[in-house]
Asks: 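I'd like to ask some things about the structure below.
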There are 2 protein chains.
Amino acid sequence: MKLTELKAIQLAELFSALSDASRVRIIALLLDGEMGVGALAEKLNMTESAVSHQLRGLRQMRFVRARKDGRQVFYRLDDDHVEKLYRMGLEHVEHG
Amino acid sequence: MKLTELKAIQLAELFSALSDASRVRIIALLLDGEMGVGALAEKLNMTESAVSHQLRGLRQMRFVRARKDGRQVFYRLDDDHVEKLYRMGLEHVEHG
DNA sequence: TGAATATCTGAGCAAGTGTTCATATATTAC
DNA sequence: GTAATATATGAACACTTGCTCAGATATTCA
C-alpha cells in the first residue's frame, strides 16, 4: 500500500483526535445530539476550561462544529465519518 | 451514547496506536504482506531500533503479530480490523 | 451603565511520547 | 568455541500533550 509521507501525517493527526479518553467521551456524548460546553463539562466531570480546550482541537480537526445561541455555544459532530470511526473502534474494543 | 470510563480509555488506546506517522507507515507497508524489521527500517528510512520500539507497541496493542524465522522476525497485521480502521481513516483524509 | 453568565485563551507545568545511542540477546556460519 | 547478523531493550533527552489557573471576551439582563 503506497502512502505518501503527507498522508501518513494526516492519518496520524486524524487518529490523534480520538487518542484521548476525554475526547472520546465528548464524541460519545455528541453522538446523541448537540450539547453546550457547560453541559458537557458537567457530564464529563471536567472543568469548562479543559472541555473548551479539547473542543478547540476537535473543531480544528473538523470533528465537531459549533453553533452559537446567545451566550451558549452548542457543539455537534461535523459529519458521519467520525461516528463510523468511533463505532468501528468500539467494535474492535468490545469483541476484538 | 453511554460509554464507561474503561471503554473510553480502551478506545483512546486503540486510536493512539495509529496516532503516529511512523506507525501509520508501518501499517501501510504491512498491508501488502509480512515484512522483517530490517526491511521495514530501510523502506521507512528509520533505524532498526526505532522500528523495533514501534513494533513492540503495535504488538502489545495486538495490531501486529510476529513470526520468527532464523534470526529474522517477520511482522504482519494481526487481524482485518486494523485494515478497516486504516482504510476508513484514509477515506476521511482523502475526501473528507 | 454594571453585574452576572458562558465560553475562550495563554502561560505554566507535570506527565507522556518517539527518537538515538549503547548494549544485550538470539541465531547462524565458520 | 568466535565472529557476524538480526532484533530487542533500557536510559537519556527533546518534544508534545492535557490539565489548571488567571484573566479576557462576548452576551444578557437589570
Side-chain angles (χ1 to χ4, degrees), chain A residues 3 5 8-30 33-76 78, chain B residues 3 5 8-30 33-76 78:
Chain A
L3 182 72
E5 175 63 16
I9 292 172
Q10 291 176 325
L11 264 176
E13 283 174 351
L14 173 74
F15 289 116
S16 293
L18 289 167
S19 70
D20 173 78
S22 297
R23 284 192 296 273
V24 167
R25 294 172 71 215
I26 288 174
I27 300 292
L29 285 171
L30 295 184
E34 69 176 14
M35 217 179 284
V37 179
L40 281 169
E42 195 188 346
K43 280 268 189 187
L44 296 167
N45 202 32
M46 289 171 65
T47 67
E48 294 175 5
S49 176
V51 172
S52 183
H53 275 296
Q54 294 293 15
L55 285 170
R56 168 147 77 153
L58 290 170
R59 216 168 48 219
Q60 285 172 345
M61 291 297 299
R62 305 248 190 286
F63 267 50
V64 302
R65 176 185 296 250
R67 173 180 72 86
K68 199 164 184 180
D69 180 17
R71 54 193 138 184
Q72 286 194 86
V73 178
F74 292 96
Y75 282 85
R76 62 184 165 88
D78 195 334
Chain B
L3 181 73
E5 176 62 15
I9 292 171
Q10 291 176 325
L11 263 176
E13 283 174 350
L14 173 72
F15 289 117
S16 293
L18 290 167
S19 71
D20 172 78
S22 298
R23 286 191 295 275
V24 167
R25 294 172 71 213
I26 288 173
I27 300 293
L29 285 171
L30 295 184
E34 70 177 12
M35 218 180 284
V37 179
L40 282 168
E42 195 189 344
K43 281 269 190 187
L44 296 167
N45 202 31
M46 290 170 65
T47 68
E48 294 175 5
S49 176
V51 173
S52 182
H53 275 296
Q54 294 293 13
L55 285 169
R56 169 146 78 150
L58 290 170
R59 217 169 47 220
Q60 286 172 345
M61 290 298 298
R62 304 248 191 285
F63 266 51
V64 302
R65 176 185 296 251
R67 173 180 72 84
K68 198 165 184 180
D69 181 16
R71 55 193 137 183
Q72 287 195 85
V73 178
F74 293 95
Y75 283 85
R76 62 185 165 87
D78 195 334

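On a predicted model such as this, the values are computed, not experimentally measured, just so you know. Chain letters run A, B, ... following the sequence lines, proteins first, then strands; residues in each count from 1. Only this structure's heavy atoms are used, side chains among them; waters, hydrogens and symmetry mates stay out.
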Asks: Would you mind reading off the distance between B:Leu58 atom CG and C:dT17 atom C1', rounded to a whole angstrom?
Replies: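 Distance, rounded to whole Å: 14 Å.
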Asks: Tell me, which of residues 12-27 of chain A have any heavy atom that sits under 4.0 Å from an atom in DNA chain C?
Replies: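 Correct list: empty, so none.
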Asks: Can you give me the first and the last nucleotide of DNA chain D (5' to 3') that has an atom within less than 4.0 angstrom of a non-hydrogen atom in chain A?
Replies: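 Taking any atom under 4.0 Å from a heavy atom of chain A, the span is D:dG18 to D:dT28.
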Asks: At a cut-off of 3.5 Å, list every protein nitrogen or oxygen paired with a nitrogen or oxygen from nucleotides 8-10 of chain C, distance to 0.1 Å.
Replies:
| from | atom 1 | to | atom 2 | distance (Å) |
| --- | --- | --- | --- | --- |
| C:dC8 | OP1 | A:Tyr75 | OH | 2.5 |
| C:dC8 | OP2 | A:Ser52 | OG | 2.9 |
| C:dC8 | O5' | A:Ser52 | OG | 3.4 |
| C:dT9 | O4 | A:Ser49 | OG | 2.7 |
| C:dG10 | O6 | A:His53 | NE2 | 2.8 |

Asks: Applying side-chain hydrogen bond (donor to acceptor under 3.5 Å, both in side chains), which residue pairs with at least one partner in residues 62-75 of chain B are found, sequence neighbours left out?
Replies: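 Listed by first then second residue: B:Glu34-B:Arg67, B:Arg59-B:Tyr75, B:Arg65-B:Asp78.
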Asks: For B:Gln72 and for A:Gln54, find the nucleotide of DNA chain D with the closest heavy atom, then tell me which residue's nucleotide is more 5'.
Replies: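 Result of the comparison: B:Gln72.
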Asks: Do any N or O atoms of the protein come closer than 3.5 Å to N or O atoms of nucleotides 27-30 of chain C, and which pairs are they?
Replies:
| from | atom 1 | to | atom 2 | distance (Å) |
| --- | --- | --- | --- | --- |
| C:dT27 | O2 | B:Arg71 | NH1 | 3.4 |

Asks: For residues B:Ala66 and B:Val73, report the shortest heavy-atom separation together with the two atoms involved.
Replies: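 The pair with the smallest heavy-atom distance is CB-CG1, 3.8 Å.
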Asks: What is the distance, to the nearest angstrom, from the CG atom on A:Leu44 to the P atom on C:dT7?
Replies: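 A:Leu44 atom CG is separated from C:dT7 atom P by 13 Å.
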Asks: First locate atom CG of A:Leu30, then atom CG of A:Leu55, and finally report the distance between them rounded to the nearest 0.5 Å.
Replies: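 Answer rounded to 0.5 Å: 7.5 Å.
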Asks: Give every donor-acceptor pair under 3.5 Å between a side-chain atom in residues 39-54 of chain A and any protein atom, sequence neighbours left out.
Replies:
| from | atom 1 | to | atom 2 | distance (Å) |
| --- | --- | --- | --- | --- |
| A:Thr47 | OG1 | A:Ala50 | N | 3.0 |
| A:Gln54 | OE1 | A:Arg23 | NH1 | 2.9 |

Asks: Show me the side-chain donor-acceptor pairs of residues 10-18 of chain B shorter than 3.5 Å, one per line, residues at least two apart or across chains.
Replies:
| from | atom 1 | to | atom 2 | distance (Å) |
| --- | --- | --- | --- | --- |
| B:Ser16 | OG | A:Ser19 | O | 3.3 |
| B:Ser16 | OG | B:Ala12 | O | 2.7 |

Asks: Go through the structure and list residues passing side-chain contact (heavy atoms from CB on, under 4.5 Å) with B:Gln60, not counting sequence neighbours.
Replies: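 Testing B:Gln60 for side-chain contact (heavy atoms from CB on, under 4.5 Å), a comparison that skips the adjacent residues, returns B:Arg56.
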Asks: Side-chain contact, heavy-atom cut-off 4.5 Å: B:Leu58 with B:Ile27?
Replies: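 They are in contact (side-chain heavy atoms under 4.5 Å apart), so the answer is yes.
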